[in-house]
Amino acid sequence: MTPDVGQDVLLASQLLRDGKLVVVPTETVYGLAALALDSDAVSNIFEAKGRPANNPLIVHVSGKEMAKSVVTEWPTIADELVEAFWPGPLTLVLPKARGVPDITTAGGDTVAVRCPDHPLFLALIEQVNEPIAAPSANFSTRLSPTRVKDLDPVLLTKCAYVLDGGDCAVGIESTVLDLTSDHPTILRQGILTARDLSAVARDVRSSTDATGKSPGQHALHYAPIGKIVIVDSLRSDQIGIGILTGSFEAVRLPNDPKAYAKELFASLAELDRQGVDPIYVEAPPHEGAWAAVWDRLRRASNR
Ligand code: TXA
Ligand code: MG
């Protein structure tokens, strides 16, 4: 037993070893974790979330060496990207190794890997010394939780433990980058933009229709119970989220894409808890840095 590993991490690691589900903190959103190489444990994730079996999971690793153990190819570009962005909100899609069960990758021949930038989760992966599968800790199509208080109580009844790591620093899910096609292709927008990745990888593209390759990219996703309506500017009688304008009923978020993203899901969860319906959202700016925010807002408002 490593003396400097906390009791919470030791308990979480024991529960994972027993095939149980554990809620884990990451820098992006909270995850619903199970051992990635244990197909029974992974099937519990799908069942608990009501997740369609055709939607593959991200496999979390403690670093490059563990990542290499779940893939069959590790191109130079992967080295360069992880050197620059790991641990961090970048998920790489690569050809999967045979040891990764089909259920984890939804039967596909690729696997998504990411090294999370959160000390507790990293300590947990190191403690179990195995890759950990973790989708966001929400029911399928609902808001991803970025704070422990936003975890769905019904979902929690299916989990053995919550590893509390405080509020998530990034607030929206990782950028998913496919490295198995001719050009590195973004399958899911995140805080790391095509421009950020281009500093390291040449010719990064954004997939216009990622649904084929990334079945998690449903048109409807990230939805609160209430309806989301995007408006140019908030009227005084509209309760929701604003940046520049808005009545005192509006939650005012910062006019900066990173700071906004950190607060977005938490603010929606709060308004949802208050029963606000519809939740009006003032359209944020349209510059490239806001692409991931727009992606989440579009899909959250798509009914
Ligand atoms: O930030 C994150 O990525 C969070 C934290 C918990 O790490 N995880 C997360 O997982 O958002 P999830 O399952 O909610 O979303 C994973 C996305 C889905 O859109 C899924 O379809 C896609 O990644 N994905 C997973 N494996 C893939 C693969 N082999 N090929 C293409 N897309 C994949
Ligand atoms: Mg998710």
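The residues of the chain are indexed from 1 along the displayed sequence.
Side chains of Leu177 and Val204 form a contact here, defined as non-hydrogen atoms less than 4.5 Å apart. Considering only heavy atoms from C-beta on, Leu81 comes within 4.5 Å of Leu90 through its side chain. Taking 4.5 Å as the limit, every side-chain heavy atom of Leu197 sits out of range of all side-chain heavy atoms of Thr193. At least one side-chain heavy atom of Leu10 sits under 4.5 Å from a side-chain heavy atom of Gln127. Side chains of Ile243 and Pro285 form a contact here, defined as non-hydrogen atoms less than 4.5 Å apart. By the 4.5 Å heavy-atom criterion applied to side chains, Val111 and Val93 are not counted as neighbours. Annotation: side chain of Ile186 is in contact with side chain of Thr175 (closest heavy-atom distance under 4.5 Å). Between Phe85 and Leu192 there is a side-chain heavy-atom pair separated by less than 4.5 Å.
Using a 4.0 Å cut-off between charged nitrogen and carboxylate oxygen, Glu282 and Arg252 do not count as a salt-bridge pair. Note on Asp256 versus Lys258: no salt bridge recorded, every NZ/NE/NH1/NH2 to OD/OE distance being 4.0 Å or above. Between Glu47 and Lys158 there is no salt bridge, since none of the side-chain N atoms of the basic residue sits less than 4.0 Å from a carboxylate O of the acidic one. Checked for salt-bridge contact, Arg147 and Glu263 miss the test: no charged N lies under 4.0 Å from a carboxylate O. For the pair Asp150 and Arg142, the salt-bridge criterion is not met [side-chain N within less than 4.0 Å of a carboxylate O]. Comment: Glu73 does not engage Lys68 in a salt bridge, judged by the lack of any side-chain N to carboxylate O separation of less than 4.0 angstrom. Taking 4.0 Å as the cut-off between side-chain N and carboxylate O, Lys64 and Glu83 do not count as a salt-bridged pair.
Residues Ala289 and Pro257 approach most closely at O-CB, 3.4 Å, considering heavy atoms. Considering all non-hydrogen atoms of both residues, Pro135 and Arg51 come closest at CB-NH1, 3.5 Å. Residues Ser136 and Val29 share a closest heavy-atom pair of CB-CG2, 3.8 Å. Heavy atoms only, all atoms of each residue included: Leu143 and Phe265 are closest at CD2-CD2, 3.9 Å. Residues Val293 and Pro284 share a closest heavy-atom pair of CG1-CG, 4.0 Å. Residues Asp196 and Ile191 come closest through the heavy atom pair OD2-O, 3.4 Å.
Within 6.0 Å of the CZ atom in Arg273, the count of heavy atoms belonging to other residues, nucleotides or ligands exceeds 12. Open room surrounds CG on Asp109; 12 or fewer heavy atoms of other groups in view lie less than 6.0 Å from it. Around the CZ atom of Arg202, the shell of radius 6.0 Å holds no more than 12 heavy atoms that belong to other residues, nucleotides or ligands.
In this structure, Arg296 contributes its side chain and Leu264 its backbone to no donor-acceptor pair below 3.5 Å. Of the possible polar contacts, none joining the Tyr30 side chain to the Cys168 backbone as a donor-acceptor pair under 3.5 Å is found. A distance-only check finds a donor-acceptor pair linking the side chain of Asp164 to the backbone of Gly166 [under 3.5 Å]. Panel note: side chain His60, backbone Pro116; no donor-acceptor pair is recorded below 3.5 Å. Formation of a donor-acceptor pair under 3.5 Å by the Glu27 side chain with backbone atoms of Ala169 is not found in this model. Judged by distance alone, with hydrogens and angles left aside, the side-chain atoms of Gln238 form a donor-acceptor pair with the main-chain N or O of Arg235 at under 3.5 Å. Put simply, the side chain of His183 never gets that close to the backbone of Thr185: no donor and acceptor are under 3.5 Å apart.
Residue Ser140 holds its OG atom at 7.0 Å from CG of Asn55, rounded to the nearest 0.5 Å. Between atom CG of residue Leu32 and atom CG of residue Leu156 there is a gap of 9.5 Å, rounded to the nearest 0.5 Å. For the atom pair Leu297 CG and Asp295 CG, the distance stands at 9.0 Å (nearest 0.5 Å). Put simply, OG1 on Thr104 and CD1 on Ile58 are 12.5 Å apart, with the number rounded to the nearest 0.5 Å. Distance check, rounded to the nearest 0.5 Å: CG of Asp178 to OG1 of Thr91 gives 12.0 Å. The CD1 atom of Ile132 sits 9.0 Å away from the OG atom of Ser62 when rounded to the nearest 0.5 Å.
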Go through the steps for Leu163 and Leu124 under the test side chain to side chain contact (heavy atoms under 4.5 Å, CB included), then give the verdict.
CA-CA 10 Å; Leu163 186 58; Leu124 178 60; 4.1 Å; yes
Starting from the C-alpha separation in whole Å, work towards a yes-or-no answer on side chain to side chain contact (heavy atoms under 4.5 Å, CB included) for Lys227 and Ser301.
CA-CA 7 Å; Lys227 191 159 58 133; Ser301 61; over 6 Å; no
Could you check Thr110 against Thr180 for side chain to side chain donor-acceptor pair (under 3.5 Å), going step by step and ending with a plain yes or no?
CA-CA 8 Å; Thr110 61; Thr180 66; 6.0 Å; no
Residues Ser43, Asp40; criterion side chain to side chain donor-acceptor pair (under 3.5 Å); working and verdict:
CA-CA 5 Å; Ser43 78; Asp40 291 336; 5.0 Å; no
Report the C-alpha separation of Ser174 and Arg188 in whole Å, then their side-chain angles, then the decisive distance to 0.1 Å, and conclude whether the side chain to side chain donor-acceptor pair (under 3.5 Å) test is met.
CA-CA 8 Å; Ser174 61; Arg188 179 176 69 186; 3.2 Å; yes
Evaluate the criterion side chain to side chain contact (heavy atoms under 4.5 Å, CB included) for residue pair Tyr260 and Ile241; output intermediate values, then yes/no.
CA-CA 10 Å; Tyr260 184 104; Ile241 295 174; 4.1 Å; yes
Before giving the answer on side chain to side chain donor-acceptor pair (under 3.5 Å), spell out for Thr26 and Arg114 the whole-Å C-alpha distance, their side-chain angles and the decisive distance to 0.1 Å.
CA-CA 11 Å; Thr26 86; Arg114 128 167 160 89; 3.2 Å; yes
Verify side chain to side chain contact (heavy atoms under 4.5 Å, CB included) between Glu270 and Lys149, making sure each step is shown before the conclusion.
CA-CA 10 Å; Glu270 198 69 55; Lys149 66 188 278 200; 3.6 Å; yes
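The aromatic rings of Trp86 and Trp74 lie tilted to each other, with the angle between the two planes from 30° to 60°.
Applying the side-chain contact (heavy atoms from CB on, under 4.5 Å) test to Ser39 and every residue at least two apart in sequence or in another chain returns Pro101, Ile103.
Val251 and Ile239 fall within the same hydrophobic cluster, defined by Ile, Leu, Val, Met, Phe, Trp and Tyr side-chain heavy atoms under 4.5 Å apart, directly or through other members. Residues Tyr161 and Leu151 do not share a hydrophobic cluster, clusters being chains of Ile/Leu/Val/Met/Phe/Trp/Tyr side chains in contact below 4.5 Å. Both Leu253 and Trp294 belong to a common hydrophobic cluster when Ile, Leu, Val, Met, Phe, Trp and Tyr are linked at side-chain heavy-atom distances under 4.5 angstrom. By the criterion of side-chain heavy atoms lying less than 4.5 angstrom apart, applied directly or through intervening Ile, Leu, Val, Met, Phe, Trp or Tyr residues, Ile45 is not grouped with Leu37; the two fall into different hydrophobic clusters. Both Phe121 and Met66 are part of a single hydrophobic cluster, where members link through side-chain heavy atoms under 4.5 Å apart.
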